[in-house]
Amino acid sequence: MPSLAKAYIAMIAAVAVTVLTVVAYRWNPENFLGFLLFFALAMLGSAMKIRLPGFKTTISTNFVFILIGLALFSFGETVLIGLGGALVQSLWKTQTRPKAVQVFFNAACLTVCTAAAFWTSHAVPAMLGLNSIAVMMVLGACVYLLLNTGLVSLVISLAEGRSLKEIWSSCYEWTFPYFLAGAAVAGLASAASHGTNLAIALLVASAMYFVYVYYRMRIVRAVLDNVSTVSQENEALLAGATRGR
């Protein structure tokens, strides 16, 4: 791995350690049993992952629970949802055994993204004098999406020597519809709960499973279409070469 990529990973890890230090210092859950229930469901959501075409990384439904956590839980609890989800997503039923540096970076990346999304979704509305779950969810979703795709694209670019613009564009193209649907589900769950009824939030969040199934089928169909197109092109080239003899 290039030295620049190692330095970048170390920088993200340092930021993540700082965030987790703040979490440990300020840890004070108001409803610990409710958080444990939600955390367990979020880990199940993290196991529902999809591998993006052309990437060695995956996305899961964990981000939906992170967005709901912005409205229902404290900073520390929401960050732990992101961290735990990253570990489950990296280690659960992988096609190949992941490298330690990959697991390490994924955990650090989601920790940083979750912390940034939480801070922005709470700090900006407070500065503007707004008290709106909708504003909070939109800000949190935008920051999480841009930062997550950006950090992942940059580490791939540094490690593989590929164009950052090309990688980010491809990553954003595949993930945006999924994040958009997930953000809508998270927004409905948070609005329905009014910050108090966790059961309603969990019920609405379960709808993300159907989004996951649909999106997985969409990606599989796109991959098969691409394989079919390449196969047809190869057959055409082969037929042309045969006629030319």
Side-chain angles (χ1 to χ4, degrees), residues 12 15-16 18-20 22-23 26-31 34-35 37-39 41-42 45-46 59-86 109-153 168 171-212 215:
I12 298 300
V15 176
T18 302
V19 170
L20 293 177
V22 174
V23 169
R26 296 184 177 180
W27 180 255
N28 186 27
E30 296 180 359
N31 182 5
F35 167 69
L37 174 62
F38 192 86
F39 183 84
L41 189 59
S46 300
I59 56 174
S60 73
T61 61
N62 181 56
F63 73 92
V64 178
F65 298 95
I66 292 174
L67 295 182
I68 296 175
L70 300 180
L72 300 186
F73 296 104
S74 66
F75 174 76
E77 291 168 322
T78 308
V79 168
L80 286 184
I81 291 172
L83 174 60
C109 178
L110 259 67
T111 297
V112 172
C113 293
T114 304
F118 189 97
W119 183 85
T120 304
S121 64
H122 285 74
V124 174
M127 288 188 294
L128 298 177
L130 300 175
N131 185 21
S132 169
I133 290 181
V135 173
M136 178 187 297
M137 299 300 293
V138 169
L139 285 174
C142 289
V143 170
Y144 185 88
L145 171 61
L146 292 175
L147 195 57
N148 182 267
T149 55
L151 293 180
V152 172
S153 298
W168 199 348
C171 183
Y172 189 84
E173 179 182 359
W174 279 112
T175 57
F176 179 74
Y178 196 57
F179 273 95
L180 185 63
V185 172
L188 290 173
S190 300
S193 68
H194 297 292
T196 56
N197 194 335
L198 186 60
I200 295 179
L202 298 180
L203 181 61
V204 177
S206 64
M208 192 59 199
Y209 173 76
F210 298 100
V211 177
Y212 159 78
Y215 201 71

Exercise. Got a sec, which residues hit side chain to side chain contact (heavy atoms under 4.5 Å, CB included) with Val124, two or more places apart in sequence or on another chain?
Worked result: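 Side chain to side chain contact (heavy atoms under 4.5 Å, CB included) check on Val124 returns Thr120, Met127, Leu128, Leu139.
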For this session: Could you list the residues that satisfy side chain to side chain contact (heavy atoms under 4.5 Å, CB included) with Leu20, not counting sequence neighbours?
Result: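 Partners of Leu20 by the side chain to side chain contact (heavy atoms under 4.5 Å, CB included) criterion, ordered by chain and then number, come out as Val79, Leu83, Thr111.
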Rounded to the nearest 0.5 Å, what separation is found between the [atom1] atom of [X] and the [atom2] atom of [Y]?
X	Y	atom1	atom2	answer
Phe73	Phe65	CZ	CZ	11.0 Å
Leu145	Cys113	CG	SG	9.5 Å
Leu151	Leu146	CG	CG	10.5 Å

Of all the heavy-atom pairs spanning [X] and [Y], show the shortest one and how long it is.
X	Y	value
Ala71	Met136	CA-SD, 3.9 Å
Gly140	Leu70	CA-CD1, 3.8 Å
Ala16	Val112	N-CG2, 3.9 Å
Tyr144	Phe63	CE2-CB, 3.6 Å

For this session: Report the relative orientation of the aromatic rings in Phe118 and His122; use parallel for angles under 30°, tilted for 30 to 60°, perpendicular for over 60°.
Result: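 Plane angle under 30°, so parallel.
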Would you call [X] and [Y] a side-chain contact if the rule is heavy atoms closer than 4.5 Å?
X	Y	answer
Trp27	Leu80	yes
Cys109	Asn148	yes
Thr114	Ile81	no

Exercise. If you look only at pairs with a residue in residues 62-82, which of them pass as a side chain to side chain donor-acceptor pair (under 3.5 Å), with sequence neighbours excluded?
Worked result: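 Those involving residues 62-82 are Ser46-Asn62, Ser74-Glu77.
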